[in-house]
Amino acid sequence: RYFGANLGMYIRRLKINKAAELILNTKLSLTQISAACGFADQSHFIRTFRSIHKISPLQFRKSIRF
């Protein structure tokens, strides 16, 4: 209740926040990032990332590169 989400959604948000940090600060592949953040497969990672950030992880990575 405190975070405005059930336990599962809270954990997914934590994983996605960690993934966004890794995208910003490392050159790891998205496959490596999804595994490092505990996602079973890359498609689940992409779907979850998109549901929270409204863009795909690849679009997120491209948007921060200069």
Side-chain angles (χ1 to χ4, degrees):
R1 289 182 196 172
Y2 181 78
F3 295 105
N6 62 31
L7 181 61
M9 187 58 185
Y10 176 72
I11 291 170
R12 282 188 293 278
R13 285 182 186 169
L14 289 177
K15 289 179 176 183
I16 292 300
N17 288 343
K18 179 63 176 174
E21 179 183 322
L22 290 173
I23 290 170
L24 290 171
N25 298 316
T26 69
K27 294 187 180 206
L28 294 173
S29 71
L30 295 178
T31 303
Q32 291 170 315
I33 290 172
S34 67
C37 293
F39 287 93
D41 57 54
Q42 190 173 0
S43 65
H44 183 233
F45 165 62
I46 292 169
R47 277 194 316 273
T48 306
F49 192 97
R50 186 178 284 135
S51 73
I52 292 173
H53 287 288
K54 309 301 182 212
I55 60 172
S56 72
L58 183 59
Q59 291 169 327
F60 182 77
R61 175 171 269 170
K62 287 180 179 179
S63 72
I64 54 125
R65 300 281 184 222
F66 302 117

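Not measured: the values here are computed from a predicted model.
Remark: Asn17 engages no residue in a side chain to side chain contact (heavy atoms under 4.5 Å, CB included) (not counting sequence neighbours). Applying the side chain to side chain contact (heavy atoms under 4.5 Å, CB included) criterion to Arg47, with sequence neighbours excluded, gives Ser43, His44.
In plain terms, the two heavy atoms of Lys15 and Gly38 that are nearest each other are NZ-O, 3.3 Å. Of all the heavy atoms in Phe45 and Ala19, the pair that sits closest is CE1-CB, 3.4 Å. Between Ile64 and Ile23, the closest heavy-atom pair is CD1-O, 4.1 Å.
Between Ile33 and Pro57 the shortest side-chain heavy-atom distance does not fall below 4.5 Å.
Expressed to the nearest 0.5 Å, how far CZ of Arg61 lies from OG of Ser29 amounts to 7.5 Å. Annotation: the span from Ile55 atom CD1 to Ser63 atom OG amounts to 4.5 Å, rounded to 0.5 Å. Atom CD of Gln32 and atom CG of Leu30 lie 9.5 Å apart (nearest 0.5 Å). Note: His53 NE2 to Gln59 CD = 12.5 Å, rounded to the nearest 0.5 Å. We find the CZ-CZ distance between Arg12 and Phe39 to be 8.5 Å, quoted to the nearest 0.5 Å. Glu21 CD to Ile16 CD1: the interatomic distance, rounded to the nearest 0.5 Å, is 13.0 Å.
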